[in-house]
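In this chain, numbering begins with 1 at the start of the sequence shown.
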Amino acid sequence: MSTVDSNLTEQLDNDEVREILKNTTDLRQYSRQIEKEFKDVENKSIEDYIAESQNIASLHNQIGECDDVLERMESMLMNFQSVLSNISSEITQLQKKSVAMSVQLTNRQSVKAQLSQFIEDMAVSEEMIAIVMETPVTEKDFGSQLNVLNHKLSLVKELSFKESKATGDVSEVLHKLRLKAMSKIRTYLLEQIYKFRKPMTNYQIPQNAMLKHKFFFEFILSNERQVAQEICSEYIDTMSKIYYSYFKSYSSRLTSLKFEESVTKDDLMGIEDNASKGLFSKTTSLKHKSTIFTIGKRGEILNQQLEAPIIVPHAQLKNRYTFEALFRSEQYALVDNACREYLFVTEFFMVRSTQAQDLFNQIMGKTLTLMIKNLETNIQDCYDTIAMFLCIQLIFRYQLMCHKRCVPALDKYWDSLQAAIWPRFDHVFRLNIQSIRDCDPTKFNKEMGPHYITRRYAEFSAAIVGISEHFPNELVSRLLLELQNEVECFILRMAAIFPTRKEQLIYLINNYDLVLGVLMEHTRDNSKEAESFREQLNARSAEYVEEILAPHFGGIIQFVKECEHFFEKEQMDELRKQERRSLALVASFSTNWKKSLEELNREVLLSFPSLLTGSQLLQLALASLVQYYHRFHKLLTPNARAQLTNIHVVMVEIKKYKSNY
């Protein structure tokens, strides 16, 4: 920047010099002129200065005064700066003191709160002493003060490990209050337990009273385990005896309500029916074959009656019940009592999982063992397969019910019951299979209607399949298949005693139709058993249709079967060779076809006790006849076809036999 200014000044000087040289030829004269001008200016300046001398002197004095004032101001500001510096230092010190005081206040408040809480926790009020010593345990005040006392005892116990001297002032008082409270609570709880022992006592009432004051046991457990163990042992001993006595008596009285004449080994499926046995049978007997193998309303025990009220023996002395009904009542009573007991002990005695199971077993173990032994004894004489299977299904449902109530304690018990029933069920089931295998068809009457053994099987199989739908079992499926095979063999052996094939087919159809009808009524249409018998029925029905059409229209059927391949191969010459034969068949048909339809209708309806089955077979036969008639018509020569009865006439007549079933 300075370089630029210097260059500019030099430029100006050069311009002036150039101007001077241009206008003046004598530089000396020009110099003197300039000097004179300087002198004039200097003189004027001196005159001006002299003229203003007083003002300048006054200005000088004023400047001096201003300097003094400014000096004093500077001194004052310096003093102010010094003072402000001291004030800032004092403020900093005050801030530090304020922070320190705030910390001290916070610490003191914290100490005060803790100390106040500690004093409150440690102090034993006169009110507490009076209530614990004098107030009955059932009063609300006693319960609230017991909670406070328990807290104080826990605190003193914790501080005693730290060797706190503060505990020495109250430990003796708290110890006496603890002993007094425990004594009163122990007495109260034992009184409630002893109430269970009184005859005809509803033990839910004292249990509810104990649950209402369940903190009592928690207090004793945390302060004196021996007393807690005493109470627990007393409860276990009392309830164990009560349950054992109750269920022993109940089971015994239920046994007196069973049917006087129960099912025996003489009532197996293949045993011959004895009419005299049913003629004089008592109302207290289940030895009716129709009830032994039929489910009837017994299946309601798994649905509507599953949670029905238990049987009260003294109120039902005149009634008699099936094996499964007595079993249901006994097991439902157990489920109700066991679930309530398990939930009570887990809540009152504060136990879970394994401990809860052990405590429950101590209370109910003896009773459960008794009931298992009773079942093992009773099941040995049971030949009622449906009853046993219903009992197994009841076990599944009651076990599921226990799980829904969050009570797993009976799982092993249910397994034990199943272990007792399944072998017997399997044994009796196989006895029934063997009884059918041992049947001698020659000992039965030659009746083409459904055999009573077939009916027994149909009802029994439908019952087992229907019961097991919700809880299928591989063993049951295998046994049902074995039984089905034996029954099918029995039906075939029975059919073999009839001399003609038509009679055999009538017998087979009647029996297959009965089994299929019963199965479809009580089970799903697509069950394996129903599907198998449906195939058998369809095959035998088709064969039966051929058999009954043969006596009346056998010539036409034979002609169609023998000559149809000529038509298919377009061998018309061969068909014309059969014209004489076909004319004879046409003449015979025209003469006898109406009579044949009547005889066909009468024969079919008389052969089958089921009108629906007979009607279906008749319609099947007529449909087959129409098909053969159409095929026969195609094979005839024009001459023979002209003499054949019109198909529409035949159809009108056939429609007269259409059933409304």
Side-chain angles (χ1 to χ4, degrees), residues 269-270 272-273 289 293 432-433 435-462 465 480-523 525 527-554 557 599-625 659 661:
M269 191 177 296
E272 295 180 33
D273 202 0
K289 290 294 190 296
F293 301 103
N432 280 286
I433 295 173
S435 68
I436 295 175
R437 187 179 295 125
D438 295 340
C439 280
D440 184 1
T442 59
K443 293 183 178 180
F444 297 104
N445 296 329
K446 285 187 178 182
E447 296 178 359
M448 290 185 290
H451 199 280
Y452 60 80
I453 290 181
T454 305
R455 182 176 296 278
R456 292 177 191 173
Y457 162 75
E459 296 287 353
F460 177 78
S461 180
V465 172
L480 281 172
L481 181 59
E482 291 182 24
L483 178 61
Q484 177 184 335
N485 293 335
E486 284 301 325
V487 170
E488 289 179 357
C489 290
F490 169 76
I491 293 174
L492 292 175
R493 285 189 284 127
M494 280 297 300
I497 68 175
F498 295 97
T500 66
R501 183 56 182 168
K502 184 168 66 175
E503 290 177 332
Q504 293 175 0
L505 290 171
I506 292 173
Y507 178 82
L508 291 174
I509 291 172
N510 277 326
N511 283 270
Y512 291 152
D513 180 65
L514 170 67
V515 174
L516 183 61
V518 174
L519 286 174
M520 292 181 65
E521 181 181 356
H522 295 92
T523 65
D525 290 348
S527 65
K528 293 184 295 183
E529 292 79 10
E531 194 62 35
S532 173
F533 281 98
R534 186 180 289 110
E535 292 176 1
Q536 296 275 12
L537 178 61
N538 291 338
R540 300 292 81 79
S541 296
E543 187 179 351
Y544 173 73
V545 166
E546 295 288 330
E547 285 289 331
I548 60 174
L549 288 177
H552 306 284
F553 308 103
I557 295 172
E599 293 177 356
L600 193 66
N601 177 60
R602 183 169 58 256
E603 179 184 359
V604 171
L605 294 181
L606 290 176
S607 299
F608 299 96
S610 171
L611 293 177
L612 178 61
T613 303
S615 175
Q616 290 174 344
L617 287 169
L618 178 61
Q619 297 305 313
L620 186 63
L622 294 176
S624 180
L625 173 61
S659 173
Y661 298 109

| Are any of the side-chain nitrogens in R437 or E482 under 4.0 Å away from the carboxylate oxygens of its partner? | no
| task | With side chain to side chain contact (heavy atoms under 4.5 Å, CB included) as the test, would you mind laying out the steps for D440 and K443 before giving the verdict? | result | CA-CA 6 Å; D440 184 1; K443 293 183 178 180; 3.8 Å; yes
| request: Flag the pair E503 and K446 as a salt bridge only when some basic side-chain nitrogen lies within less than 4.0 angstrom of an acidic carboxylate oxygen. | output: no
| If you take all heavy atoms of F498 and E447, which pair is closest and at what distance? | CZ-O, 3.5 Å
| Looking only at heavy atoms, which two atoms of L618 and N601 are closest? And how far apart? | CD2-OD1, 2.9 Å
| message | Can you tell me how far apart CG (L620) and CG (L625) are? Round to the nearest 0.5 Å. | response | 11.5 Å
| said: Tell me whether the rings of H451 and Y507 are parallel (<30°), tilted (30 to 60°) or perpendicular (>60°). | reply: perpendicular
| Side chain to side chain, I491 and Y512, heavy atoms closer than 4.5 Å | yes
| query | Below 4.5 Å, heavy atoms only, C-beta onward: do L508 and Y544 meet side chain to side chain? | reply | no
| note | One should read off an interatomic distance between L505 CG and T500 OG1, to the nearest 0.5 angstrom, of 8.5 Å
| said: Quick one, Q484 with S532, criterion side chain to side chain donor-acceptor pair (under 3.5 Å). Give me CA distance, side-chain angles, the key distance, then yes/no. | reply: CA-CA 9 Å; Q484 177 184 335; S532 173; 2.8 Å; yes
| said: Check this for me: R540, atom CZ, are more than 12 non-hydrogen atoms of other residues, nucleotides or ligands nearer than 6.0 Å? | reply: yes
| message | Side chains of E546 and I557, heavy atoms from C-beta outward: is any pair under 4.5 Å? | response | yes
| request: Check the pair E488, R493 against side chain to side chain contact (heavy atoms under 4.5 Å, CB included), reporting the backbone distance first and the verdict last. | output: CA-CA 9 Å; E488 289 179 357; R493 285 189 284 127; over 6 Å; no
| query | Looking just at side-chain N and O atoms, do S610 and Q616 make a donor-acceptor pair shorter than 3.5 Å? | reply | no
| said: Please find the pair of heavy atoms, one from A621 and one from L600, that lie closest to each other, and give the distance. | reply: CB-CD2, 4.4 Å
| Identified side chain to side chain contact (heavy atoms under 4.5 Å, CB included) counterpart of N511 within the set T454, L492, V487 | T454
| Straight-line distance of N485 CG to I436 CD1, nearest 0.5 Å | 11.0 Å
| said: Looking at every non-hydrogen atom in both residues, tell me the closest pair between N510 and M448 and how far apart they are. | reply: ND2-O, 2.8 Å
| said: Please report the interatomic distance CD1(I497) to CD(Q504), rounded to the nearest 0.5 Å. | reply: 9.5 Å
| request: Kindly compute the distance separating CG (L480) from NZ (K528), expressed to the nearest 0.5 Å. | output: 8.0 Å
| said: If you define the side chain from C-beta out and look only at heavy atoms, does anything of L483 sit under 4.5 Å from M269? | reply: yes
| query | Is a salt bridge present between R534 and E531, judged by a nitrogen-to-oxygen distance below 4.0 Å? | reply | yes
| note | Between V604 and G614, the two heavy atoms sitting closest are CG1-O, 3.2 Å
| request: Please answer whether the main-chain N or O of L537 pairs with a side-chain N or O of S541 as donor and acceptor at a distance below 3.5 Å. | output: yes
| message | Please report the interatomic distance CG(L514) to CD1(I509), rounded to the nearest 0.5 Å. | response | 13.5 Å
| What class does the angle between the rings of F533 and Y457 fall in, given that below 30° is parallel, 30 to 60° is tilted and above 60° is perpendicular? | tilted
| request: Determine the minimum heavy-atom distance between L516 and A530, stating which atoms define it. | output: CD1-O, 3.3 Å
| said: A side-chain contact here means heavy atoms from C-beta on lying under 4.5 Å apart; do S615 and F608 qualify? | reply: no
